[in-house]
Amino acid sequence: MVADTAEAAGWSNISFLDDDVTSAQGLHWPVLGPIDSLANHISSFDSIIVAIADAGCRQDLIAKVERMHFELATVISPAASVSARAVIEPGCMVLAGAVVQTNAQLGVGCIVNTSASVDHDCLLERCVHVAPGSHLAGGVRVGEGSWIGLGATVNEHVVIGCRCMIGAGAAVVADVEDGLAVVGIPARPLS
Ligand SMILES: CC(C)(COP(=O)(O)OP(=O)(O)OC[C@H]1O[C@@H](n2cnc3c(N)ncnc32)[C@H](O)[C@@H]1OP(=O)(O)O)[C@@H](O)C(=O)NCCC(=O)NCCS
């Protein structure tokens, strides 16, 4: 999805590094080697994006790319709507149908997935994933590495901590502490 979106956004010469060679089967783009071979390929490319949904894994690899002082790409679908007054830090992906509204801030390595929305004045820390069809109302804050599940909604000004998991379809109406998984309407901690 990320490569497809990058291509639609005008990127060319797209290639993957992947530890699982079998993932290359049927892939339209070449897999050049395992992730550890990054240093060997760096001079052939302008930038890199970590196209891995798992937040912990994405955070680790982004930190590695940053340590190598290599440029992180930001991929925004031409079919997304992003305010000129939104701040999108490097390594983010905003996919088709997504909307990022005015004064929203996306930290390094965030994903705003298909048809998700991040409304005005939201603040997403590093490596937050807003899954397809989920919606953050105005002024929501989401801590590093948290995951907003498919079709979830988050009420205005709610604060979600770091490494939280918001279950698919949840309606989050109150703040969520670091590390909690919450599900349901209204969202409650998963027991
Ligand atoms: C919340 C979530 C992480 C829980 O996963 P899990 O820890 O493996 O939990 P389980 O599947 O074992 O379910 C545990 C219980 O919670 C319930 N539950 C799980 N997810 C739920 C959800 N989203 N809403 C309501 N209840 C849920 C299950 O029915 C089960 O209840 P039971 O014990 O009464 O049978 C997961 O279900 C989820 O919603 N993931 C988000 C998926 C997503 O966004 N994908 C996007 C891909 S881009």
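Positions are given from 1, in the same order as the sequence printed here. Counting starts at 1 for both ligands and their atoms, in listed order.
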Does some non-hydrogen atom of the protein lie less than 4.0 angstrom from atom 2 (C) of ligand 1? no
Pairing donors with acceptors under 3.5 angstrom, does anything connect the side chains of Thr153 and His135? no
In ligand 1, the atoms that come under 4.0 Å of a heavy atom of Pro132 are 48 (S)
Within the side chain of Ser15, is there an N or O that forms a donor-acceptor pair under 3.5 Å with the backbone of Val31? no
Among all protein heavy atoms, pick out the one at the shortest distance from atom 4 (C) of ligand 1; state its residue, atom name and that distance to 0.1 Å. Leu190 CD2, 3.8 Å
Decide yes or no for Leu106 and Val94: does some side-chain heavy atom of the first lie under 4.5 Å from some side-chain heavy atom of the second? yes
In terms of residue, atom name and distance, what is the protein heavy atom nearest to atom 25 (C) of ligand 1? Val183 CB, 3.7 Å
Look at atom 23 (N) of ligand 1 and say whether a protein heavy atom is found at less than 4.0 angstrom from it. yes
For the CG atom on Asp46, are there more than 12 heavy atoms of other groups (residues, nucleotides or ligands in this structure) within a distance under 6.0 Å? no
Look at ligand 1 and say whether Ala181 reaches it with a heavy atom at a distance under 4.0 Å. no
Go through the steps for Arg188 and Val183 under the test side-chain contact (heavy atoms from CB on, under 4.5 Å), then give the verdict. CA-CA 6 Å; Arg188 305 266 188 236; Val183 297; over 6 Å; no
Taking 4.0 angstrom as the limit, do Lys64 and Asp36 come out as a salt bridge? yes
Does any N or O of ligand 1 fall below 3.5 Å from an N or O anywhere on Ile148, backbone included? no
If we number the atoms of ligand 1 from 1 as shown, the ones under 4.0 Å from a heavy atom of Gly167 are 1 (C), 23 (N), 39 (O)
Determine whether more than 12 heavy atoms belonging to other residues, nucleotides or ligands lie under 6.0 Å from atom CD of Glu7. yes
Taking NZ, NE, NH1 and NH2 as the nitrogens, is one of them in Glu144 or Arg58 under 4.0 Å from a carboxylate oxygen of the other? no
Short check: is a protein heavy atom less than 4.0 Å from atom 35 (O) of ligand 1? no
For ligand 1, which atoms, with element, lie under 4.0 Å from some heavy atom of Trp147? 43 (C), 44 (O), 45 (N), 46 (C), 47 (C)
Considering only protein heavy atoms, determine whether one is less than 4.0 Å from atom 30 (C) of ligand 1. no
Main-chain N/O of Gly151 paired to Ser134 side chain as donor or acceptor, under 3.5 Å: no
Any non-hydrogen protein atom less than 4.0 Å away from atom 8 (O) of ligand 1: no
Going by a strict under-4.0 Å cutoff (protein heavy atoms only), does atom 16 (O) of ligand 1 have a neighbour on the protein? yes
Would you find a donor on one side and an acceptor on the other, under 3.5 Å apart, between the side chain of Ser83 and the backbone of Arg85? yes
Per-atom contacts, ligand 1 versus Gly149 - under 4.0 Å to a heavy atom: 44 (O)
Atoms of ligand 1 less than 4.0 Å from Leu150 heavy atoms? 43 (C), 44 (O), 45 (N), 46 (C)
Classify the contact between Ala170 and ligand 1 as side chain, backbone, both or neither, using a heavy-atom distance cut-off of under 4.0 Å. neither
Selection from Ala152, Ala168, Gly151 by shortest heavy-atom distance to atom 38 (C) of ligand 1: Ala168
Atoms in ligand 1 flagged as close to Met165, the criterion being non-hydrogen separation under 4.0 Å: 3 (C)
Could you go through Glu156 and Arg141, starting from their C-alpha distance and side-chain angles, then the distance that decides it, and tell me whether this counts as salt bridge (Lys or Arg N to Asp or Glu O under 4.0 Å)? CA-CA 9 Å; Glu156 60 274 18; Arg141 298 173 70 103; over 6 Å; no
